[in-house]
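What follows is a short report on a single structure.
Indexing begins at 1, ligand by ligand and atom by atom, following the structure's order.
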Amino acid sequence: MLTKIKETADFIRNIIRDTPDFAIVLGSGLGKLQDEVEAIHTLEYKEIPHFPQTTVAGHGGKLIYGILEGKKVLMMSGRFHYYEGHSMETVTFPVRIFHLLGIKNLLLSNASGGVNPTYKVADIVILKDHINMMPEHPLRGKNIDELGPRFVDMSEPYHKGMIAVAEKVARDNNINVPQGVYVALQGPTFETPAEYGMIKMIGGDMVGMSTVPEVIVAKHMNMNVFCVSVITDLGGPDIAFPVSHEEVLDAANKAMPNVITLVKGLVKEYH
Ligand code: HPA
């Protein structure tokens, strides 16, 4: 794995020839954020050695290096999910590449189902913590000491400094952005009413099928992580609305202006 990630990182480094300030991962239906970047280099996943391929509608397949709010960003349009059949190593592969490229700050986004009764569809929520209920752990196996320690501190999974800046950006722009706990399940089924009830009971505010493996691998390598989630549907033990991928994409679309404002503001104001 180490050889592979070094080869991939070398390939990308030779093209971009700079250290980006932020890596940004776009979640389901959030691809429009890429139009905000003044692209310098656009790489299709298929032209990058060892890079995995996406299989989900609403997820692109491009790595874009460019400028956003005066900062250098490497944006990943199209992420890899465990439910697609990818191994945890594949799901988290890009994050390891970001680290080898010298990137310190990782901004993630995702779509999730809200169980907190104060949330509405198309709200955006900052992750303050998560609960990992994925069936496999991305750091299981022999530790790669070159990347990070065997036992990883998770006392601050989401960087408090970045959260504070994002909160200020939200206030300045009159966007209501609560902080919540994200529970990660494998998917690809959306949750049953009883499962939504369980998420709520264990202290979750929202539930989704991504993000947590990437956060764990990023923390292993001591990166600063920030994540914003779009509430694309609501669930609970007494709520039995049908959910579809189309509705998820539609809600993500509605929330897009707020996601763009938050991410751009954070990129601009965080030093
Ligand atoms: N569960 C429920 N709703 C969702 C999810 C999920 O994993 N992702 C987006 N909306």
- So which residues, sorted by chain and number, lie with a heavy atom under 4.0 Å of ligand 1? Ala111, Ser112, Gly113, Phe190, Glu191, Tyr196, Val207, Gly208, Met209, Thr232, Asp233, Val248

- Message: Restricting to ring-ring contact (aromatic ring centres under 6.0 Å, His included), what partner residues turn up for Tyr65, sequence neighbours left out?
- Response: none

- Contacts of Phe93 that satisfy ring-ring contact (aromatic ring centres under 6.0 Å, His included) - sequence neighbours left out: Phe51

- Can the ring centroids of Phe11 and His50 be said to lie less than 6.0 angstrom from one another? no

- Item | Candidate pair Leu185 and Met209, rule side-chain contact (heavy atoms from CB on, under 4.5 Å), full reasoning | CA-CA 5 Å; Leu185 294 184; Met209 309 172 195; 5.8 Å; no

Report all side-chain donor-acceptor pairs from residues 99-108 shorter than 3.5 Å, counting only partners two or more places apart or in another chain.
unit_1, atom_1, unit_2, atom_2, d
Lys104, NZ, Asn222, O, 3.0
Asn105, OD1, Asn224, ND2, 2.9
Asn105, ND2, Asp21, O, 3.2

- Item | Arg140 atom CZ: more than 12 heavy-atom contacts under 6.0 Å | no

